[in-house]
Each structure stands twice: as C-alpha cells, then as structure tokens.
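Here is the naming used below: chain letters follow the sequence lines, and residue numbers restart at 1 for every chain. Values reported hereafter were calculated over all heavy atoms of this structure, with side chains retained and with hydrogens, waters and symmetry mates removed.
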Number of protein chains: 2
Amino acid sequence: MLKNNEFIDKLRSSGLRPTKQRLKLCKVLFNRSTTFHFTINDLKKQISEKLNEKISLATIYNTVHAFKKKGYLKEISINSDKSYFDTNTKIHHHFFDNSTKELIDINDNQVEKIKINTSLPGKKITSVEVLVKVENK
Amino acid sequence: MLKNNEFIDKLRSSGLRPTKQRLKLCKVLFNRSTTFHFTINDLKKQISEKLNEKISLATIYNTVHAFKKKGYLKEISINSDKSYFDTNTKIHHHFFDNSTKELIDINDNQVEKIKINTSLPGKKITSVEVLVKVENK
DNA sequence: AATATAGTTTATAATAATTCTAAAGAAGAA
DNA sequence: TTCTTCTTTAGAATTATTATAAACTATATT
Ligand SMILES: [Mn+2]
Ligand SMILES: [Mn+2]
Ligand SMILES: [Zn+2]
Ligand SMILES: [Zn+2]
C-alpha cells in the first residue's frame with residue numbers, strides 16, 4: 001500500500017502535476033497488491049463506486065494516456081470495440097476467456113521461452129507476447 | 001485463380017446466395033496467390049480501385065461478418081480503433097510493425113512449439129498465437 | 001414463365017468509444 | 001500575490017460499427 005506522498009513524488013518525478021484527480025486514479029490503479037486489467041469504463045465505475053467520487057470522462061482518458069506514456073500502464077491487444085489497459089506493464093502473456101471476455105495474466109515461468117527463427121530486415125523486436133484463447137469446456 | 005463458378009458453389013454450399021456483391025468480394029478477397037490482412041476500409045478501397053465498382057458499406061460489413069462466421073475470414077486481435085481481418089484463417093503468428101502499422105504473417109515452421117505449463121479449470125484452449133511487435137532499428 | 005417467399009442490399013439513422021475544443025480552474029514559479 | 005503553464009471539464013465532433021426498414025433479387029413453387 002503506497003502512501004499519497006509516494007504517488008505525489010512519483011507523479012512529480014515524471015513531470016506530471018499531482019492533481020486531486022491523478023492521485024485518486026493512482027489510488028484506484030496502484031494501491032493494491034496485485035495488478036489488473038481494465039477498460040476506461042471499468043475505471044470510471046470503480047471511481048464512483050470505490051471512492052464515491054466523480055472524475056470527468058475526459059480526464060480519465062487524459063490520465064490513462066498520460067500514465068501509459070510514462071510507462072505506468074500498458075495497453076493490451078485484444079480485438080474489441082474498446083481498449084483494455086493493464087497495470088502490469090512488463091512484457092507478459094495472457095489467457096483471454098472468450099466465454100467471460102476476461103483477460104488473465106500468465107506467469108512468465110509457465111511459458112517456455114519462445115523462439116522466433118525469422119526476422120524482418122531493418123526492424124528490431126520490441127516484444128513477443130502470447131495470447132491463449134480459452135472457452136468453457 | 002478460382003473461377004466465378006467455384007465461388008458460386010462455395011457460397012451455395014455454405015448457405016449463402018451467390019449475389020453480385022458477394023462474388024465481387026470473393027474475387028477481391030480470394031482470387032490471389034497469397035493471403036493478406038485488411039480493414040473494412042481497405043476492402044472498400046480495393047473494390048472501388050481494382051474492380052471500379054461500388055458496394056455499400058453496410059454490405060461490406062455484412063459480407064465480411066458472414067464470411068467470418070463461415071470460416072472464410074479470421075478477425076485479428078490488434079489493438080486499434082478498427083478491426084483487422086485475415087484471409088489466412090489458420091491459427092498462426094504475426095509480426096506487427098509499429099512503424100508502419102503493418103501486420104505480417106509468421107510462417108509456422110519458424111516458431112518453435114509454444115508450451116504453456118498452466119491451465120484454467122473448466123476451460124479449454126482454442127488457440128495459442130504469438131504477436132511479435134517490431135519497429136524500425 | 002409468372003408468382004411467392006425468404007434472403008440480400010442499400011441509404012440512412014443510431015450507437016458507442018474515443019478525441020477535440022475552448023473556457024474555467026489549479027499548481028508551481030517568480 | 002501574480003503570472004504562467006498545465007489540467008480539468010462539459011460538451012461537441014469524429015469514427016468505426018451496428019441497426020432499421022424499404023427496395024430489390026435469387027430461387028423455389030405454381
Ligand atoms: Mn488508444
Ligand atoms: Mn467486430
Ligand atoms: Zn496482463
Ligand atoms: Zn495473418
């Protein structure tokens with residue numbers, strides 16, 4: 001559990017003013033023991049339900065994008081009408097449950113190293129991620 | 001190069017009436033030696049540029065979804081504002097070039113078998129696909 | 001061949017996620 | 001405190017996609 005002061009420092013150190021709205025979002029996003037996945041709408045709900053407060057939708061979008069840019073959030077490639085974000089910013093693999101539309105992290109040590117024996121001239125690899133789609137048996 | 005008659009049979013055999021519009025789309029989508037990736041907008045452009053004809057946007061959406069449902073097209077999970085489709089319907093891996101936003105197939109024999117040493121209770125795996133993100137060196 | 005039926009196409013409207021705009025407000029520097 | 005720059009906000013605009021409902025067409029039936 002991080003303290004408010006730590007969030008303030010973190011924001012300042014990345015050139016973001018520690019506003020009330022950003023600190024609230026930090027609390028909802030980072031003040032927990034495990035990482036999680038969310039959509040903008042999920043986040044909006046959590047703010048109104050958990051904190052019983054309201055942040056304008058535009059600010060939520062702004063802040064999520066700012067945090068992504070600073071590397072505090074990661075956007076996940078799932079084909080959908082909406083964007084998914086992840087507080088786990090490391091390169092990692094996912095299950096995507098087609099029955100529940102839920103995204104679940106796969107622990108790195110449970111996937112054997114992936115070897116790609118081909119490359120594209122003039123290009124460098126920035127990530128290699130696996131998406132395992134599952135559904136109810 | 002498939003003949004028009006072959007498309008007619010293919011459509012009929014999957015319960016789709018071989019309309020002028022569907023046959024035109026078959027020509028643009030399947031009358032080539034290699035598979036490819038496209039967005040709805042790409043497809044719309046190709047119809048007007050290659051065939052010099054016009055199919056309503058609604059029909060393009062309808063048809064792409066019908067073809068996907070019949071297994072002639074695959075939708076690809078790339079985070080974006082728009083959907084990507086693939087005429088290669090097999091489970092396969094991709095490069096995604098962040099510099100050009102291009103999606104490129106990876107040949108299956110160039111990726112060593114992926115081993116996932118974990119599972120979700122009550123769920124079965126339907127696909128395991130790798131996304132390799134690249135960018136200019 | 002004419003008719004009936006169900007499937008298809010189309011223009012257009014509706015929806016939904018996201019981004020833009022521009023004015024008001026707040027933070028930090030001077 | 002004052003100034004400047006950054007941030008928030010409501011609401012409008014944009015964009016991809018889906019829904020609607022009327023006109024059209026493929027095909028089965030007479
Ligand atoms: Mn985005
Ligand atoms: Mn879709
Ligand atoms: Zn994750
Ligand atoms: Zn592909």
Inset, instruction - Would you tell me if any nitrogen or oxygen in the side chain of B:H65 comes within less than 4.0 Å of OP1 or OP2 on D:dT18? - result: yes
Inset, instruction - Please tell me which of the listed nucleotides, D:dT25, D:dT17, C:dG28, lies nearest to the side chain of A:P18? - result: C:dG28
Inset, instruction - For B:L11 and D:dT27, give me the distance from atom CG to atom C1', rounded to whole Å. - result: 15 Å
Inset, instruction - Can you label the angle between the B:Y84 ring and the B:F96 ring as parallel, tilted or perpendicular, going by 30° and 60°? - result: perpendicular
Inset, instruction - Specify the separation, in whole Å, of atom OH of A:Y84 and atom C1' of C:dT18. - result: 16 Å
Inset, instruction - May I ask you to test the B:D105-B:K90 pair for a side-chain heavy-atom distance under 4.5 Å? - result: no
Legend entry - B:T87 side chain to B:F36 backbone, donor-acceptor under 3.5 Å: yes
Inset, instruction - Report the nucleotide, chosen from C:dT19, D:dT5, C:dT18, that has the shortest atom-to-atom distance to any side-chain atom of A:I40. - result: C:dT18
Inset, instruction - Check whether any side-chain nitrogen or oxygen of B:R22 sits under 4.0 Å from OP1 or OP2 of C:dT8, and answer yes or no. - result: yes
Legend entry - Among C:dT18, C:dT8, D:dT8, the one nearest A:Q21 by side-chain distance: D:dT8
Inset, instruction - Look at the side chain of B:S14 and the backbone N and O of B:K70, then say whether any donor-acceptor pair between them is shorter than 3.5 Å. - result: no
Legend entry - Rounded interatomic separation in angstrom, taking CG from A:L23 and C1' from C:dA26: 13 Å
Inset, instruction - Starting from P on C:dA17, measure out to CZ on A:F38 and report it in whole angstrom. - result: 16 Å
Legend entry - Strand-adjacent residues in residues 48-63 of chain A, judged by heavy atoms under 4.0 Å from DNA chain D: A:K54, A:I55, A:S56, A:A58, A:T59, A:N62
Legend entry - Main-chain N/O of B:E129 paired with B:S127 side-chain donor or acceptor, under 3.5 Å: no
Inset, instruction - For B:K20 and C:dT10, give me the distance from atom NZ to atom P, rounded to whole Å. - result: 8 Å
Inset, instruction - Check the distance between D:dT7's P and A:R17's CZ and give it to me in whole angstrom. - result: 6 Å
Inset, instruction - Measure up the B:F30 and B:F67 rings against each other and bin them: parallel (under 30°), tilted (30 to 60°), perpendicular (over 60°). - result: tilted
Please output the side-chain donor-acceptor pairs of residues 40-48 of chain B that fall under 3.5 Å, not counting sequence neighbours, one pair per line with the distance.
residue	atom	partner	partner atom	Å
B:D42	OD1	B:T39	OG1	3.3
B:D42	OD2	B:T39	N	2.8
B:D42	OD2	B:T39	OG1	3.2
B:Q46	OE1	B:R32	NH2	2.8
B:S48	OG	B:K45	O	3.0

Legend entry - Separation of atom CZ in B:R12 from atom C1' in D:dA26, rounded to whole Å: 8 Å
Inset, instruction - Would you please confirm or rule out a distance under 4.0 Å between OP1 or OP2 of C:dT9 and any side-chain N or O of B:T19? - result: yes
